[in-house]
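What follows is one structure encoded as structure tokens, with my remarks underneath.
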Amino acid sequence: MEKPSLPSGTRDFSPLVMQRRKYILSVMESVFVAHGYGALETPSLENLKTLQGKYGNEGDQLLFKVLNSGDYLSNVGEDILQSKEVKLLTPHIADRGLRYDLTVPLARFVVMNRNDITFPFKRYQMQPVWRADRPQKGRYREFWQCDIDVVGANSVVSEAELIEMYQAVFARLDLGVTIRINHRGVLDAFMGVLGNKEDWNTFMIVIDKADKIGYEGVVKELSERGLTRALGAWEWLWNSKSERGNEAKLALAANTAFMQCDTLTAALNDLRSIFGLVESTENVVLDFTLARGLSYYTGAVFEVEGSDGRLPSDFRLGSIGGGGRYDNLTGVFGLKDVSGVGVSFGLDRIYDTMEAANLFEGVGVDATATLVCAMDEDCLLFSSGVARALRARLSKVELYPGTPKLKKQLDYANDKNMGFAVIIGRDEMQANQVALKNLVTGEQTHCSVEEAIGQIASVNR
RNA sequence: GCGGUUAUAGCUCAGUAGGUUAGAGCACUAGCUUGUGGCGCUAGGGGUCGCCGGUUCGAGCCCGGUUAAUCGCCCCA
């Protein structure tokens, strides 16, 4: 017999898990809507042309490609088939792939609909993305991103708004987080030290690991990669981390001679404005070592991680959200000078973090949920009428499908955390009443359907 | 793409230097209770020990291979 299994890195979500995931999604959505962001959905499949070349060299490898339909090998040249080179063959047999993130589809959408969109365009998008990465803790091959972006506005009002939306969502989820922020303009100031773009990129990759591998780790890796001339810059970055307070860090950068340039000045101004606009910067930490991988960021960058006191001390999951400003995103699709800024919420990691912090107790519990139990077949018709009457006035009412022993029906209600059982047998039917049992207290009374509705509805969660 | 670890019941796992019939908890079914759950007691069903091969009188256990899962590296939301 064939044992069923799932593709590596994918998961089923049970009703219990879905209840919690939907709870997170609904909190986010209400915050998004309250700030005027509109929903957008795009297809799971995109043309490979759209996706390729947007995520760096490694990114293309991580794209899930979808085979063409039909007899897709028939038009491939013999020489290509014989070469056994994947990179040569792939373009001939796969024209489409699964989306890798929500930002590139957004850019494509904006370019395709530029004439119909009112700018600034504020959209939210909550959909799964796929990466052919090796799965490990907190890393899945299919996972959900929840993105909010503002396209077509240069003002850092948007950056401030996004930070406040991060704060609003996590406050409502009751999850303590730290929002790290930096600005690419600060990092650009190191171009003078590095000399060329390639080495600068390498430098970004290495310093981005600072929290993971520590000061010595970065020194070691920079040396191994032949960037000893950047050790001074790294030294400065590392020291800046111990500066207390965002204002002090800004001042430090502003007063460091070797960094001075126009981009730095502009970046520090942006950061200063953002801090001024945000109501509270209590959980916003300026960190000059924050780089983030994606190459298209040009302004502020953000990263969120769980820092809740209820999390186990050894809990590490990487970031649960991130984003930044990108001035040239739609440029690759032919639309110049449209700036975008956005952040992403990683639903799966937020879930994992909340679960680790034990924050799901009570989520989705409806104390008024009611199960109607019919004692035997003769009571079913009457019971279904009662269920209908209850459902018209209450939020969640079920009629048990069938008439097994009461024990079984009550076990069912118990397992589903329902608040009440309405039991109907011959006696009740004859008296035109129901037996109303409070499943939390165990109390049971006989009453009319109207009275039952009143009693159930009076229970506040 | 590279390395470590693991693979025994539906789930989580135990299994003692290779030795008769492979165990526990949870879950499930039935009964204790002819119409009353969460707790309890009793009984029961359920496993070709991932797969293939080897060593041995004998393999869940040892060896080789294979597949899968998982953790980490590379890289990155």
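First the proteins, then the strands, lettered A, B, ... as listed; each starts at 1. What you see is a predicted model; the values in this text were computed from it and never measured.
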With a 4.0 Å cut-off on N to O distance, would you call Arg426(A) and Asp376(A) a salt bridge? yes
Would you indicate what Glu443(A) reaches in the nucleic acid, counting non-hydrogen atoms under 4.0 angstrom: base, sugar-phosphate, or nothing? nothing
pair_partner(rU34(B)), Watson-Crick or wobble, both distances < 3.5 Å, evaluates to none
Confirm from the modelled atom types if Gln444(A) and rU36(B) form a donor-acceptor pair under 3.5 Å, side chain to base only. yes
Among the nucleotides rC74(B), rG35(B), rG72(B), whichever has the atom closest to the side chain of Ile423(A) is rG35(B)
Please report the shortest heavy-atom distance between Ser448(A) and Val434(A), naming the atom on each side. O-CG2, 4.3 Å
Of the options Tyr351(A), Phe143(A), Phe170(A), which is the one that meets Phe345(A) in a ring-ring contact (aromatic ring centres under 6.0 Å, His included)? Phe170(A)
Closest listed nucleotide, where the reference is the side chain of Asp411(A) and the choices are rG37(B), rC73(B), rU36(B): rG37(B)
Within the 4.0 Å heavy-atom criterion, would you say Arg99(A) contacts the bases, only the backbone, or no part of the nucleic acid? nothing
Could you check whether Val440(A) gets within reach of a base, just the sugar-phosphate, or nothing at all, counting any heavy atom under 4.0 Å? base
For the pair made of CZ in Arg292(A) and P in rC76(B), what is the distance, rounded to whole Å? 11 Å
Under 4.0 angstrom, heavy atoms only, what part of the nucleic acid is Lys416(A) near: base, sugar-phosphate, or nothing? nothing
Watson-Crick or G-U wobble partner for rG23(B), using a 3.5 Å limit on both distances? rC13(B)
Measure from the side chain of Ile205(A), starting at C-beta and using heavy atoms only, and say which of rG38(B), rC28(B), rC75(B) lies closest. rC75(B)
5' precedence on RNA chain B between Leu406(A) and Pro7(A) (nearest-nucleotide basis): Leu406(A)
How long is the line joining CE of Met204(A) and C1' of rC76(B), in whole Å? 16 Å
Out of rC73(B), rG31(B), rU36(B), which has the shortest distance to the side chain of Lys405(A)? rG31(B)
Of the candidate nucleotides rU29(B), rG37(B), rG35(B), which contains the atom at the shortest distance from the side chain of Met375(A)? rG35(B)
Distance, rounded to the nearest Å, where Arg139(A) contributes CZ and rU70(B) contributes C1': 14 Å
Is the gap between the ring centers of Trp238(A) and Tyr215(A) under 6.0 Å? yes
When rounded to the nearest Å, what value does the distance between P atoms of rC26(B) and rA68(B) take? 35 Å
Residue Lys137(A), side-chain heavy atoms: nucleotide from rC74(B), rG72(B), rU36(B) that is nearest: rG72(B)
Can a donor-acceptor pair under 3.5 Å be found between the side-chain atoms of Glu428(A) and the base atoms of rG35(B)? yes
Nearest-angstrom distance from the residue atom CD1 of Ile213(A) to C1' of rC75(B): 13 Å
Taking NZ, NE, NH1 and NH2 as the nitrogens, is one of them in Asp174(A) or Arg310(A) under 4.0 Å from a carboxylate oxygen of the other? yes
Suppose you measure atom P in rA14(B) against the same atom in rG25(B); what distance do you get, rounded to whole Å? 16 Å
Atom CG of Asn438(A) to atom P of rG37(B): distance rounded to whole Å? 15 Å
Expressed as a whole number of angstroms, how long is the span from Glu398(A):CD to rG37(B):P? 19 Å
Strand partner of rU70(B), provided both Watson-Crick or wobble distances fall under 3.5 Å: rG4(B)
Before accepting this row, confirm whether a basic side-chain N of the pair Arg180(A)/Asp211(A) lies closer than 4.0 Å to the acidic partner's carboxylate O. yes
Can you tell me the Watson-Crick or wobble partner of rG53(B), both distances under 3.5 angstrom? rC63(B)
Of rC75(B), rG31(B), rG1(B), the nucleotide closest to the side chain of Arg134(A) is rG1(B)
rU36(B) base to Lys437(A) side chain: any donor-acceptor pair below 3.5 Å? yes
Given rU36(B), rG72(B), rU29(B), which nucleotide is nearest the side-chain atoms of Lys408(A)? rU29(B)
In whole angstrom, give me the gap between the P atoms of rA24(B) and rA43(B). 12 Å
Whole-Å distance, Glu377(A) CD to rG35(B) P, equals 14 Å
On a heavy-atom basis, the closest approach of Phe382(A) and Ile424(A) is CD2-CG2, 3.6 Å
Rounding to a whole Å, what distance do you find between Asp427(A):CG and rU36(B):C1'? 14 Å
